[in-house]
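In listed order, ligands and their atoms are each counted from 1.
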Amino acid sequence: MNVQENLRRVRAKIAQAAGRAGRSAREVKLVAVTKGVSVEKIEAALAAGVWILGENRVQEMLAKQPLLPAGIEWHFIGHLQTNKVKYVLDRVSLIHSLDSWRLAQAISRLAGKEGREVPVLVQVNVAGEKTKYGLPPGEVMEFLGAVSTLPGLKIRGLMTVAPAVDDPEEVRPVFRELRLLYERARALFPAAGIDYLSMGMTNDYLVAVEEGANLIRLGTAIFGARDH
Ligand SMILES: *Cc1c(COP(=O)(O)O)cnc(C)c1O
C-alpha cells in the first residue's frame with residue numbers, strides 16, 4: 001500500500017467521520033507525523049497535498065528539514081526539554097506540547113528576546129496516565145491564565161494523546177473531556193484566539209474527529225508501521 005493511496009483512504013474516512021458529526025472535513029487539518037519515516041515517503045506525502053509535518057524529536061527534525069522543500073509547516077508534537085527550545089523556535093510554526101510552567105518560561109525568555117510570538121497548544125493528560133506528559137485537566141484554566149501573562153507565547157489551543165486501547169470507543173470520553181476544556185478555554189479567554197483542538201492518532205482519529213478535533217496527527221495510517 002503506498003502513501004498516496006493511504007492518504008486518499010484517510011481523507012475519505014475523515015470526511016465520513018466529520019459528516020457523522022455534522023461537520024465539514026475542511027475544518028480538520030491533517031498533520032503527517034514523520035518520525036522514523038524516510039525522506040522518499042515524506043516527499044510522496046507532500047506530492048499528495050500534505051503540507052503540515054509533525055516531529056516529536058528535535059534532533060530528527062533538524063536533520064530532516066534541510067532535506068525537504070521550503071514552505072512546509074512544521075509542528076513540534078513531542079515533549080520538549082527546556083535546553084532544546086532554542087533549536088526549535090524559529091523552525092516550527094506550532095508547538096503542540098507545552099506541558100509545564102518551566103517550559104512556558106523558557107519559551108517566553110527566548111521568544112521575548114527576539115520579539116516573537118510562538119504559537120503553542122497546552123498538552124493535557126486527560127486520563128492521568130503516569131507515563132504521559134501534560135497537565136491534569138483541573139489545572140488547565142489556571143495554567144492558561146498564567147501563560148497568557150507571559151510575553152512571547154500565543155496560546156492557540158489544547159492537545160492530548162489518548163491512552164492506547166484496542167477499541168477506540170474506549171477513549172471517546174477522553175476526547176469529549178478535552179473538547180469541553182477547549183470550549184471553556186475559548187469562553188474564558190476570548191481574546192486569545194484559541195482555535196485548535198489537537199487530538200486523534202492512527203488508532204483513534206475517527207472518534208476524535210467525531211468529538212470535534214480540528215488538528216489530527218497521523219503517522220502509521222499514512223506511512224505504514226515504523227521500524228522504531
Ligand atoms: C507518533 C505520534 C503520533 C502519530 O502516531 P500514529 O499512531 O503513528 O498515528 C501522534 N502524536 C504524537 C504526539 C506522536 O508522538
Evaluate the side chain to side chain contact (heavy atoms under 4.5 Å, CB included) criterion for residues Leu178 and Glu211: first the C-alpha distance (whole Å), next the side-chain angles of each, then the deciding distance (0.1 Å), finally the verdict.
CA-CA 9 Å; Leu178 194 72; Glu211 295 300 330; over 6 Å; no
Atoms of ligand 1 under 4.0 Å from any heavy atom of Thr202, numbered from 1 in the order shown, are 6 (P), 7 (O), 8 (O), 9 (O)
Starting from atom 5 (O) of ligand 1, find the nearest protein heavy-atom neighbour and note its residue, name and distance.
Met201 CE, 3.5 Å
With rounding to the nearest 0.5 Å, note down the distance linking CD in Gln81 to CG in Leu103.
10.0 Å
About how many Å separate CD1 of Ile194 and CG of Leu158, when rounded to the nearest 0.5 Å?
6.5 Å
Against Phe76, only a single residue in Leu94, Val92, Val120 fulfils side chain to side chain contact (heavy atoms under 4.5 Å, CB included); can you say which?
Val92
Can you find a non-hydrogen atom of Arg226 under 4.0 Å from ligand 1?
yes
For Ile95, run the side chain to side chain contact (heavy atoms under 4.5 Å, CB included) check against Ile107, Val85, Leu121 and tell me which one passes.
Ile107
I'd like to know if Asn56 contacts ligand 1, where contact means a heavy-atom distance under 4.0 Å to any ligand atom.
yes
With backbone taken as N, CA, C and O and side chain as the heavy atoms from C-beta onward, which portion of His96 lies under 4.0 Å from ligand 1: side chain, backbone, both, or neither?
neither
For atom 14 (C) of ligand 1, find the nearest protein heavy atom and state the residue, atom name and distance (0.1 Å precision).
Lys35 NZ, 3.0 Å
Least distance between heavy atoms, Asn214 atom then Arg23 atom
CB-NH2, 3.9 Å
Arg217: numbered ligand 1 atoms lying under 4.0 Å from its heavy atoms:
4 (C), 9 (O), 10 (C), 11 (N), 12 (C), 13 (C)
Say you draw a straight line from CG of Leu67 to CD of Glu43; how long is it, rounded to the nearest 0.5 Å?
8.5 Å
Please could you name the atoms of ligand 1 that Gly219 approaches to less than 4.0 Å, counting only its heavy atoms?
4 (C), 6 (P), 8 (O), 9 (O)
Quick check on contacts: which atoms of ligand 1 are under 4.0 angstrom from a heavy atom of Thr220?
6 (P), 7 (O), 8 (O), 9 (O)
In terms of atom number and element, which parts of ligand 1 are under 4.0 angstrom from non-hydrogen atoms of Ile77?
11 (N), 12 (C), 13 (C), 14 (C)
Closer than 4.0 Å to some heavy atom of Leu218 - which atoms of ligand 1 meet that?
9 (O)
What is the distance from atom NZ of Lys13 to atom OH of Tyr205, rounded to the nearest 0.5 Å?
4.5 Å
